[in-house]
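A quick write-up on the structure given underneath.
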Amino acid sequence: MDVSFILDALNDKQREAVAAPLQNSLVLAGAGSGKTRVLVHRIAWLMHAYEISPYSLMAVTFTNKAAREMQARIEQLVGVPPQGMWVGTFHGIAHRLLRAHWRDAGLKESFQIMDSDDQLRLVKRIMRELSIDETRWPPKQVCWFINAQKDEGRRAAHVPDSHDPFSRGMREMYYHYEEACEKNGLLDFGELLLRAHELMLTNPALLKHYQQRFVHVLVDEFQDTNTIQYAWLRLMVGEEGSITAVGDDDQSIYGWRGAKIENIQNLSKHFKDLHTIRLEQNYRSTGHILKAANGLISNNDDRLGKELWTDSGEGEPISVYAGFNEQDEARFIIEIIKKWRDDGNALKDMAILYRSNAQSRVIEECLVREQIAYRIYGGHRFYDRLEIKNALAYARLAIDPNDDGAMERVINVPTRGIGERSIGTIREIARDQGCSMWQAADQIVTHSLMPARAANAIKGFMQLIQGMASTLQNPDLGLGDIFDQIIAEAGLIPYHEKEKGEKGEARVENLKELVNAASGFNWLETDEEFSSPMMAFLDQAVLDAGEAQADEYQDSVQLMTLHSAKGLEFPLVFMAGVEENLFPSRMSFEEPGRLEEERRLCYVGITRAMQKLYITYAESRRLHGSESFNSPSRFIREIPEECLEEVRLRSQVARPVSMQRPDYSASIQRQNQNIMQGHTVPETNVSMGDRVKHPIFGEGLVVNYEGQGPQARVQVNFDDAGTKWLVLSFAKLEVL
DNA sequence: CTGCAGACCTGCGTC
DNA sequence: AGGTCTGCAG
């Protein structure tokens, strides 16, 4: 069979990666080097050149979007969908294994997946039942602790005992949480992975079956794998199978959620005869942009080493704009966007990237004022929205009235006279008798255990759910019709309609969208492990964000955080708010390794740009209600100077005469000088790290500085008075 | 039981 | 500044 079509359109390195022998291989794919392309062609190659059945292949990604894209591109290249191949996210595949082998995994058949919101609710519920002090152990932190343990593959029993009461409390909470999940058949996201790993570990026959089945496993974004994902992969691949890991250590930006960059660095230790290929030719960006990215990232240690290059010319230098404040910064960005638009460019080809979501508001306001369409990426997932989760909870309750989580959620939504007091009583009875809340409610109604008014409200609710249950049984109704009826019977539409503002309108829209999504849901696509379309739909709703942005196809400027920009590309990119304390985030200064991660995040940002990149920062910024003065980010200094140019806006904005913008290149020089002088603030005797004394605020530590001459200011962390910025020429500071 | 007013906290956010 | 959560008045 002629397989040349698979290799024809590739460069030498890509071809080497695609046509590599059937052995373990690591493809270090730089930004814009054709990573997905290699992965897809590799799959086609394995199928055609080695005649491996798609049934024997598994491809793992991190997001549903990536999984869908891969599936679509395989189909495009090969001509037919890869029948029998497993393509999915880590969680999706783990879930599939658990549904198929629920008994071996020690689960009940009806187990349910919780999202982070459900998890938090459960933790709160447990803590309240046990009367644990929520100020000492904040529920959010408890969740965070549990998830971090699971990322590391540890159950409560594996958490090492430490002797401080706080950690002990955390561990204890984990125990109680585990118990509650077990009892109610609930699995959080981390549990899916942990359980799938244990399933393989404790069932050698099953493990052997899958090891023999999957001849080759492919993993995308390998630098993002955490400990448990890595352990599971090692098991699944085994001694006989092999792996193709594709990733980029320079784009590892999820350390805070358990990703271990070491996994990619240590790959050769655990997978024998690892064949490493570097893809360094970039097809996305201009020379200047790549040079800037290379220069920046070279400041990180412990890299596997990679240098991007292109043969498509230098392009324009990167423009740096110093805004007077965040308003000015936004105005500048929109000015450039208008220029590009008027030159005939599509808005969807322009992206504004920022470090944190809070930064988007000022930019949005400016876009609205100028009537430029925009779209914000990320933010709330469709199925995470309150109104959607409520509708889904009604469906859950209709399927299984003993689902306490769902019951708690909707028993009084919309309000129907069942308040905290009544719910408390139901909960109490349920706990005393070890039955579900539904059964408890049933007793209240039949034995009149509560005042008539409350009992009647409960009775009404139960009849409502029973009605929904029979709707569910109606074989003539499709999934969409069922949701339509559930929403109508629950009265969710009028409930949200009377909400004030545009919020309610949006919620009603979303509910309609849910009916749409349910009608369009194709059960057959999701294979044989599910007992009913409704069950499959509910699981999918938890695992898939549901990209349901209504105006997805409208031509609009793209706004997103740097994190959600990974994997995307745009001809015109703005990186906004590139200031010390913001980017790199001040929180990255404390923990070792975090600054490097911030730098990688900046690298990701730079490499999103195809033709033109603007870096902007503001000299003063209002954030969280108070004003801060940050110096330009160190990352700007780390970019080779010849790649940069300073820009000023022609239409000058009004600014106080006294606040002249300092010359940008001068400020860089100044900072370089500062570094050479060991962070000494010019013309003073105060240095970073000095202890100083202030006549009013008392003693403190100098933690930051900026400006020079009469404007020079230092940030002092006072022992008692907190952190303050002081102008050196006014504040009478004494160095201790 | 419900609705409003003040306290709180505040990074990124897949599944 | 702004959303969520808790506490009190109707």
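Proteins get letters first, then strands, A, B, ... in listed order; numbering begins at 1 in each.
Applying the 5.5 angstrom centroid cut-off and the 30 degree plane-angle cut-off, the aromatic ring of Tyr254(A) is not stacked upon the base of dT14(B). Stacking between Phe62(A) and dT14(B) is absent: the ring centroid is not both under 5.5 Å from the six-membered base ring centre and under 30° in plane angle.
Summarising the geometry, the separation between CG on Leu192(A) and P on dT14(B) is reported as 16 Å, rounded to the nearest angstrom. We find that CZ of Arg99(A) is positioned 15 Å from C1' of dC15(B), with the value rounded to whole Å. Going from atom CD1 of Ile423(A) over to atom P of dT2(B) covers 9 Å, rounded to whole Å.
Regarding contacts with the backbone of dG11(B), a side-chain N or O of His624(A) is found under 4.0 angstrom from either OP1 or OP2. Between Asn357(A) and dG13(B) there is a side-chain N or O to OP1 or OP2 distance below 4.0 Å. A sub-4.0 Å separation between OP1 or OP2 of dC1(B) and a side-chain N or O of Asn412(A) is absent. Thr89(A) has no side-chain polar atom (N or O) that falls below the 4.0 Å cut-off from OP1 or OP2 of dT14(B). Checking the phosphate oxygens (OP1, OP2) of dT10(B), no side-chain nitrogen or oxygen of Ser356(A) falls inside 4.0 Å. For dG2(C), one of the phosphate oxygens OP1 or OP2 lies less than 4.0 angstrom from a side-chain nitrogen or oxygen of Arg361(A).
Checked against a 6.0 Å centroid threshold, the rings of His563(A) and Tyr377(A) do not count as neighbours. Between Trp256(A) and Tyr254(A), a ring centre-to-centre spacing shorter than 6.0 Å is recorded.
Here the nucleotide nearest the side chain of Trp256(A), chosen from dA1(C), dG11(B), dG13(B), is dG13(B). Here the side chain of Arg257(A) is nearest to one of dT6(C), dC15(B), dG13(B), namely dG13(B). Closest to the side chain of Lys124(A), from the set dC5(C), dG13(B), dC15(B), is dC5(C).
Figure legend. dG6(B) is base-paired to dC5(C); pairs are counted as Watson-Crick or G-U wobble with both atom distances under 3.5 Å. When both distances must be under 3.5 Å, the Watson-Crick or G-U wobble mate of dG10(C) is dC1(B).
Across all strands, Ser626(A) comes closer than 4.0 Å to no nucleic acid atom at all (heavy-atom distances). Asp115(A) comes within contact range of no nucleotide atom at all, as no heavy-atom separation falls under 4.0 Å.
Residue Gly417(A) is the one, among Ser564(A) and Gly417(A), whose nearest nucleotide of DNA chain B lies closer to the 5' end (criterion: closest heavy atom).
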